[in-house]
Amino acid sequence: MNYAYALVLLALTAAAGLFAWQQHRLQKLRASVEASAVELQRLQQSCALLAPAGVVERLFSDGLESIAEHKVFTAMFTDLVGYTALAERLDPKTLAGVLNGYFQLVSDSVAEHRGRVGTFLGDGILVFFGALEPNPWQCDDAAQAALAIRAALERYNAELERAGLPRIAVGVGIHRGPGLAGLIGSRDRREYTVVGPTLNLAARVQALTREHGRDILLTESVREQLDPRFELMPMPAVPVKGIAEPVVTYAVLGGREGRARMKAEG
Amino acid sequence: MASPLLNVSWDQCLLEPAPDRQAEATLRRETGAAPGWVRYFLSCPWLPRAAIRLGIDNKLLVHLDFPTVDLIALVVSQEHSCRYCYAVTRMQLRILGMSEERMQQLEQRLASGDLEPRAAAAARFARRMSRSTPLVTSQDLEPMRAAGYGDAEIREIAFVVACIAFFNRICTIPALPPQSWEQLADRWFARLFRPLLARSMRGMRKRGQPALFARPPEGPFAGLLRQFEGSPIGPVLASALEDLWASPILSRHCKALMFAVVGRGLGCERSREEVARVLEADGLPPVDAERILAHLGGPGLDADETALLAFARDTIWYEPIQIQRRARELRERLSAAQFVEALGVVALANSLCRLCAALPPPP
């Protein structure tokens with residue numbers, strides 16, 4: 001009889017031990033699943049710093065090769081005017097602070113108008129509209145973003161002046177045309193960008209801002225698609241490197257709201 | 001651990017639930033139900049009515065099995081970062097007997113694409129259709145056919161995606177509070193009464209029976225509706241659309257323009273053609289309509305209508321916190337009824353335009 005009790009006790013102890021062991025394993029498994037999920041999320045967040053968010057999502061779900069398409073898009077190129085002089089006047093830490101403030105204001109203005117920052121090129125920023133998602137309003141968005149950069153820069157310059165730092169100026173060039181949008185690069189390193197002459201012309205138009213003494217210039221192909229309520233001023237056609245015909249550009253003076261307000265006020 | 005969408009930033013709710021006994025009784029009489037969430041939308045009667053009738057558990061699906069429906073609901077809600085709908089689907093699966101471990105495994109398999117071929121094909125299509133960058137085409141249906149889905153099942157899959165996209169928008173845009181759903185399955189009473197709750201939930205999930213239109217569909221999207229001939233989905237979509245156009249809260253031409261903006265933004269030619277007819281019938285010449293749609297503003301539009309068109313455009317692709325911020329700005333300039341109707345219009349427009357693209361008309 002005692003043996004039977006002992007056996008039952010032994011069986012119960014073994015069952016309890018097995019249960020505890022299983023619970024322990026389950027807990028470990030749960031912890032490991034949670035850790036993987038957190039790690040995956042952290043990885044996605046880190047990747048989002050390196051490429052536009054939509055690209056990261058597609059990369060995770062569809063794979064590397066899926067991201068390459070011919071698109072008609074609008075490229076915006078912004079560049080800091082007088083960076084070399086600024087770099088000579090400021091110590092590296094202050095210069096980095098000023099630059100980060102400028103990058104942030106451009107990124108925020110662009111995001112507000114559905115643009116995607118493609119690349120930071122030194123003190124220049126390459127922005128795309130309609131490269132990742134279809135965007136029939138891409139030219140209006142680009143012009144609005146450029147005006148938002150202008151307004152944000154005004155506020156930033158006031159901050160810089162209060163801190164005893166020099167004001168900064170930005171030149172913005174906008175052009176619309178075809179290009180190959182995708183993850184481009186070597187086997188070891190790729191980035192989401194757009195390749196093609198559209199990009200080169202946007203950069204050249206940005207360079208023309210100094211020649212024309214205007215902060216925002218856009219090309220004829222943008223003007224054709226632009227809301228006529230934007231206030232534009234035609235600039236004289238000038239030859240640019242790599243383009244056969246002289247390039248006609250338009251300075252953006254004001255937004256459509258301004259024109260509508262002026263009209264309402266008579 | 002709960003929903004992986006827990007970290008998605010979510011604003012304070014933009015709508016006040018407004019209990020209205022009479023309206024709820026009417027709704028119950030018309031649809032057979034008046035769940036608590038309808039109180040957010042009662043100021044625009046057609047929206048709660050359409051939302052209840054479009055409930056995918058509600059006798060709409062004849063061919064598709066519910067596990068596939070749940071999978072699609074998870075995928076689409078994840079794509080739209082809809083914490084509310086994701087939490088509801090997750091809670092349903094937990095109550096129906098899926099353990100937290102199995103739930104997490106399913107979520108991991110969804111993230112890595114490690115699913116059995118039929119489920120993988122449906123999930124991939126659901127992701128493509130809800131993302132729509134670019135729009136789905138008939139070619140996107142081929143992997144599902146290869147995985148063994150028939151045409152009727154594919155139509156239902158596309159409808160489920162559109163339906164979840166609709167719910168995602170009416171929940172995410174006004175930031176309906178997801179917290180109670182996110183915690184519900186782990187509450188003591190839910191654990192205690194899980195078998196009972198599961199039983200009642202299974203009882204509510206009813207398969208549909210073939211149904212006929214009360215009268216042949218007319219007006220915008222009639223072609224799309226005819227593609228659901230014989231399915232209970234067709235009459236439900238038709239009545240939602242009829243109610244939307246008949247509602248007097250926002251003007252008919254403003255609603256048509258909002259539809260057109262969504263269609264244009266998505267690049268859906270068929271939707272543009274469907275809505276163009278409404279605009280023309282409403283007295284807006286095609287040239288003026290084109291001018292308005294090309295730049296989301298123009299002659300003949302007041303400030304509220306211009307804001308509504310910009311809002312319609314914002315609802316095509318969005319981050320929850322951004323669209324909630326923009327919706328708050330819109331809410332401040334409109335009445336509750338106008339805001340709720342605008343919500344319903346953009347939600348239905350996004351769903352139908354995506355559905356139009358996914359189900360091209362038969363040759």
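Convention: sequence-line order gives letters A, B, ...; per-chain numbering from 1.
Neither the backbone nor the side chain of B:Val75 comes within contact range of chain A, judged by heavy atoms closer than 4.5 Å. Only the backbone of A:Gln225 comes within less than 4.5 Å of a heavy atom in chain B; its side chain stays farther off. Contacts between B:Arg326 and chain A at a heavy-atom distance below 4.5 Å involve the side chain alone, from C-beta outward. Residue B:Leu110: no heavy atom, backbone or side chain, is found under 4.5 Å from chain A.
Side-chain atoms of A:Thr219 and A:His175 include a donor-acceptor pair closer than 3.5 Å.
Residue A:Leu226 holds its CG atom at 9.0 Å from CD of A:Gln144, rounded to the nearest 0.5 Å. With rounding to the nearest 0.5 angstrom, the CG atom of B:Leu301 is 10.0 Å from the CG atom of B:Asp288.
Between A:Phe128 and A:Phe73, the two ring planes are perpendicular [angle over 60°; tilted spans 30° to 60°].
The number of heavy atoms from other shown groups lying within 6.0 Å of CD (B:Gln139) does not exceed 12.
Of the listed residues B:Arg313, B:Gln322, B:Arg264, the one with more heavy-atom pairs under 4.5 angstrom with chain A than any other is B:Arg313. Ranked by non-hydrogen atom pairs under 4.5 Å with chain B, the options A:Leu26, A:Asp140, A:Asn135 are led by A:Asp140.
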